[in-house]
J.: 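Got a structure for you, questions after.
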Amino acid sequence: VFSSSKLDDDYIEKIEEALITSDISFGTSNEIIEDLKKMISKEKELNQDKIQNALKKVIKDKISKDFPLIDFNNKKTIFLIVGVNGAGKTTTVGKLANFYKNEGRNVLIAACDTFRAAGKEQMEIWGEKIGIPVVTGKENQDPASVAHDASIMLKEKDFDVLIIDTAGRLHNKKHLMEELAKIKRTVSKAAGISPQETIIVIDASLGQNSIAQIEQFKELIDVSGIIITKLDGSAKGGIIIDAISKLNLPVRFIGTGEKIDDISEFSPEMFVDNIF
Amino acid sequence: NLSSKLEKVFKHLRGFGKLSEKNIEDALKDVRLSLLEADVNYLIVKEFIENVKNKAIGEKVMDSLTPSQQMIKIIRDEMVELLGQSEPLDIKAKPPVIILLAGLQGSGKTTTAGKLALYLSRIKRSVYLVPADIYRPAAILQLKKIGASINIPVYDTRNEANPDEKPVQIVQNAINIAEKYAYDTIIIDTAGRLEIDEPLMNELKELKNKFNPNEILFVADSMLGQSAVNVAKKFNDTLGISGVILTKVDGDSRGGAALSIKKTINKPIKFIGVGEKLSDFEVFHGDRIAERILG
Ligand SMILES: Nc1nc2c(ncn2[C@@H]2O[C@H](COP(=O)(O)OP(=O)(O)OP(=O)(O)O)[C@@H](O)[C@H]2O)c(=O)[nH]1
Ligand SMILES: Nc1nc2c(ncn2[C@@H]2O[C@H](COP(=O)(O)OP(=O)(O)OP(=O)(O)O)[C@@H](O)[C@H]2O)c(=O)[nH]1
Ligand SMILES: [Mg+2]
Ligand SMILES: [Mg+2]
């Protein structure tokens, strides 16, 4: 894609295009280019590989923060999975539950999307597929009460991990964000512990609105991590650079398809390689 | 917002006497940034800015007494022209008219199938919903529940008699039933798929070649980013899209993908989804979306 051995205006414009079309924000793309210029100013001889490698290093440095690992030290760990409509939450709950089951943990799923047509049936089918029990309620039952029942099951039975699927909601819908806060409070009360992880699922094909989503969800229900889905598509998911470097949130996993094993732990190296 | 930003820029520039071409270019830097923040595609922004600049010079914005107002008008008019108008659905053909919905995973196709069904039933069409997504868990049930909620019949895909039905058989069987029971409009819901997934794109192509739908509607999330151009182009090149439906417009995204998609495939944006209820469905208005994109 790049075929020049010095950082002239044309080359810089090509780099800017590559960054912005990866859904990296304008401001951050400029920062990356400035950092790149600084990094290679010390080089006596430039070539295409050196510039490419420096560019990758600049981006990798922005997303390689040292975040604490997910804390499984309590006897019981609770994941609340949230995000806007269609991001991939229900599918991700299935994949994540299976991932932790393969680590030898005793997982329980709560199907707290009681609103959308066939929301709970979709989660139930996933549960059957992976051999993990799913707590459900009736259609249009208060999702907080389903969360309550699942929390009691976690507390009283031999489960180590509870993963809660919630209905999709746009972050600008105040009453829906309040419903989510209520689900979280209900879980804390019933389980005796607050959910350790509130993870927002972000669709890699979306643009800068993802940042607004993360900010709003963080402000209204306090998010602890991100899972970015659909990275098997043509979009590069560049918004996670700002999510990590500016919003200070870890990307825990990436979704790379619709099958059960299409989930992997986030790797800054692989992410940057995928951009170029 | 953009107009107050431009006012500020021009006020500052007027202080140095007559405006120059360079002043226009500098003022447009803010417009460029605003459009990129709104998720309009990088290359489309480049072209848009170039066209606006040439119009501004051609219309002598530099000599104007109200350059920022004139500039904003040029920008707004250019945007509205590019976004185009809605066009009616092509449902004049001999029944059953066939409408096929296609798009990326999670864009809102199944919900939109219900919205379209409700919309058409209100103008006295007799609609038949067809679940052709055989992959997603509970997709068929989802469309059945949607149909039941609005009293629209739904084809019984993969019932006990036909447990391994594939999309081609599903659509053929549904057409046979529609003809038998005089349903005049068939709406086919398909599985979400990546535009780079060849086998699944071929599945859609096969449906198109066999059944020649009167409408092939590309259902796109209004929050899409820079890749909207690639996605729209591939769906259009493969299928010949007849129209676009933008969903989740009730969010707070600026929706620049609308411009990216329209500019790339030049097919009319016909409807927008503005909520999760089946009645949250409106005809597309370019001027309203232009306002949003320009912020
Ligand atoms: N290609 C691809 N598709 C995915 C991925 N994750 C989820 N999907 C698909 O995206 C679509 C939506 O997934 P869901 O799990 O229903 O999304 P959701 O966030 O639960 O949706 P709502 O509950 O309606 O808000 C489905 O077709 C999934 O198969 C991924 O990593 N890659
Ligand atoms: N707020 C809002 N939500 C919408 C709109 N359209 C669809 N949705 C929601 O978006 C999510 C995904 O909708 P679906 O209809 O399942 O999407 P799909 O394209 O059929 O998904 P796949 O079949 O997995 O590709 C659901 O939660 C819908 O309720 C809309 O206009 N506004
Ligand atoms: Mg879901
Ligand atoms: Mg669907």
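These numbers come from the heavy atoms of this one structure, side chains and all, not from hydrogens, waters or symmetry mates.
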J.: Tell me which one of A:L180, A:I81, A:D113 satisfies side chain to side chain contact (heavy atoms under 4.5 Å, CB included) with A:T166.
T.: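 Result for side chain to side chain contact (heavy atoms under 4.5 Å, CB included) with A:T166: A:L180.
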J.: Are any non-hydrogen side-chain atoms of A:N30 and A:E34 less than 4.5 angstrom apart?
T.: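 In short, these two side chains do not touch, never coming nearer than 4.5 Å.
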J.: Any side-chain heavy atom of B:I152 sitting closer than 4.5 Å to one from B:L118?
T.: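 Result no, sub-4.5 Å side-chain heavy-atom pair not found.
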J.: Which region of B:D252, side chain (C-beta onward) or backbone (N, CA, C, O), has a non-hydrogen atom less than 4.5 Å from a non-hydrogen atom of chain A, or is it both or neither?
T.: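 Contact with chain A is through both the backbone and side chain of B:D252.
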J.: Of the backbone (N, CA, C, O) and the side chain (C-beta and beyond), which part of A:K236 lies under 4.5 Å from a heavy atom of chain B, both, or neither?
T.: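 The answer is neither part of A:K236.
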J.: Check whether B:R254 gets within reach of chain A through its side chain, its backbone, both or neither, counting any heavy atom under 4.5 Å.
T.: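 Answer is neither: B:R254 stays 4.5 Å or more from chain A.
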J.: Heavy atoms only, distances under 4.5 angstrom: which of A:A118, A:G119, A:G238 has the most pairs with chain B? Name it, please.
T.: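 Of the candidates given, the most pairs with chain B belong to A:A118.
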J.: So which bits of residues 131-140 of chain B come within less than 4.5 Å of chain A, counting non-hydrogen atoms only?
T.: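 Interface residues of residues 131-140 of chain B: B:R136, B:P137, B:A138.
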J.: Where is the tightest heavy-atom contact between B:V249 and B:R292, given as atom of each residue plus distance?
T.: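 Taking every non-hydrogen atom into account, O-NH1, 2.8 Å.
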J.: At a 4.5 Å cut-off on heavy atoms, which part of B:V229 comes close to chain A: side chain, backbone, both, or neither?
T.: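 It is neither, since no heavy atom gets under 4.5 Å.
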J.: State, yes or no, whether a side-chain contact exists between B:K53 and B:F48 at a heavy-atom distance under 4.5 Å.
T.: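 Heavy-atom side-chain distance check fails, nothing below 4.5 Å.
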J.: Please evaluate residues A:I263 and A:T256 with respect to the criterion side chain to side chain contact (heavy atoms under 4.5 Å, CB included), reporting the C-alpha separation (whole Å), side-chain torsions for both, the decisive distance (0.1 Å), and the verdict.
T.: CA-CA 6 Å; A:I263 182 170; A:T256 56; over 6 Å; no
J.: Determine yes or no for a side-chain-to-main-chain donor-acceptor pair under 3.5 angstrom, with B:R193 supplying the side chain and B:L200 the backbone.
T.: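 Yes: the side chain of B:R193 pairs with the backbone of B:L200.
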J.: Given that the side chain runs from C-beta out, which part of A:Q213 has a heavy atom under 4.5 Å from chain B: side chain, backbone, both or neither?
T.: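 Just its side chain gets close to chain B.
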J.: Please classify the contact between B:I196 and chain A as side chain, backbone, both or neither, with a heavy-atom cut-off of under 4.5 Å.
T.: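 Just its side chain gets close to chain A.
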J.: Chain A: which of B:G251, B:G256, B:A257 shares the most heavy-atom pairs with it under 4.5 Å?
T.: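 The candidate making the most pairs under 4.5 Å is B:G251.
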J.: Taking non-hydrogen atoms and a cut-off under 4.5 angstrom, which of residues 123-131 of chain A neighbour chain B?
T.: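 So far as heavy atoms go, A:I125, A:W126, A:K129 are the residues that approach chain B to under 4.5 Å.
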J.: For B:T112 and B:L101, work out which heavy atoms get closest and say how close.
T.: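 Closest pair (atom of B:T112, atom of B:L101, distance): C-CD1, 4.1 Å.
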J.: Might you point out which heavy atoms bring B:I261 and B:A220 nearest each other, and give the distance in Å?
T.: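 Closest heavy-atom pair between B:I261 and B:A220: CD1-CB, 3.8 Å.
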J.: Counting only heavy atoms closer than 4.5 Å, note whether B:E276 contacts chain A via side chain, backbone, both or neither.
T.: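 Just the side chain, heavy atoms under 4.5 Å.
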J.: B:K262: what forms a side-chain hydrogen bond (donor to acceptor under 3.5 Å, both in side chains) with it, not counting sequence neighbours?
T.: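 Per chain and number, B:K262 pairs via side-chain hydrogen bond (donor to acceptor under 3.5 Å, both in side chains) with B:N266.
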J.: Check whether B:D197 gets within reach of chain A through its side chain, its backbone, both or neither, counting any heavy atom under 4.5 Å.
T.: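 Neither part; nothing is under 4.5 Å.
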J.: Of the backbone (N, CA, C, O) and the side chain (C-beta and beyond), which part of A:T21 lies under 4.5 Å from a heavy atom of chain B, both, or neither?
T.: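 Both backbone and side chain of A:T21 come within 4.5 Å of chain B.
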J.: Counting C-beta onward and ignoring hydrogens, is there a side-chain heavy-atom pair between B:S149 and B:L278 closer than 4.5 Å?
T.: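 Yes - at least one pair of side-chain heavy atoms lies under 4.5 Å apart.
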J.: Tell me, for B:K144 versus chain A, whether the close heavy atoms (under 4.5 Å) come from the side chain, the backbone, both or neither.
T.: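 For B:K144, neither part sits under 4.5 Å from chain A.
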J.: Do B:V231 and B:L194 come within less than 4.5 Å of each other through their side chains, counting heavy atoms only?
T.: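 Not in contact.
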J.: Heavy atoms only, distances under 4.5 angstrom: which of A:E121, A:E17, A:Q208 has the most pairs with chain B? Name it, please.
T.: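 Top option by heavy-atom pairs under 4.5 Å: A:E17.
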J.: Pair up each side-chain donor or acceptor in residues 199-207 of chain A with any protein partner under 3.5 Å, not counting sequence neighbours, and list the distances.
T.:
residue: A:D203; atom: OD1; partner: A:S205; partner atom: N; Å: 2.8
residue: A:D203; atom: OD1; partner: A:S205; partner atom: OG; Å: 2.7
residue: A:D203; atom: OD2; partner: A:K230; partner atom: NZ; Å: 2.8

J.: Would a line drawn from the ring center of B:F281 to the ring center of B:F271 be shorter than 6.0 Å?
T.: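 Centroid separation for B:F281 and B:F271: below 6.0 Å.
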J.: Under a 4.5 Å heavy-atom cut-off, does chain A meet the side chain of B:L43, its backbone, both or neither?
T.: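 The side chain, not the backbone.
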J.: Could you go through B:N230 and B:S227, starting from their C-alpha distance and side-chain angles, then the distance that decides it, and tell me whether this counts as side-chain hydrogen bond (donor to acceptor under 3.5 Å, both in side chains)?
T.: CA-CA 5 Å; B:N230 306 335; B:S227 71; 5.7 Å; no
J.: Using a 4.5 angstrom heavy-atom cutoff, name the option from B:L224, B:L141, B:L104, B:T111 with the most pairs to chain A.
T.: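 Maximum pair count with chain A is reached by B:L224.
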J.: Would you say B:I99 and B:I188 make side-chain contact, with heavy atoms under 4.5 Å?
T.: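 Side chain of B:I99 against side chain of B:I188, heavy atoms only: no contact under 4.5 Å found.
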J.: In sequence, state the C-alpha distance, the side-chain angles, and the governing distance for A:Q122 and B:Q142, and then conclude on side-chain hydrogen bond (donor to acceptor under 3.5 Å, both in side chains).
T.: CA-CA 9 Å; A:Q122 184 186 1; B:Q142 184 184 2; over 6 Å; no
J.: Which answer fits B:L33, side chain, backbone, both or neither, if we ask what part of it has an atom under 4.5 Å from a heavy atom of chain A?
T.: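 The answer is the side chain of B:L33.
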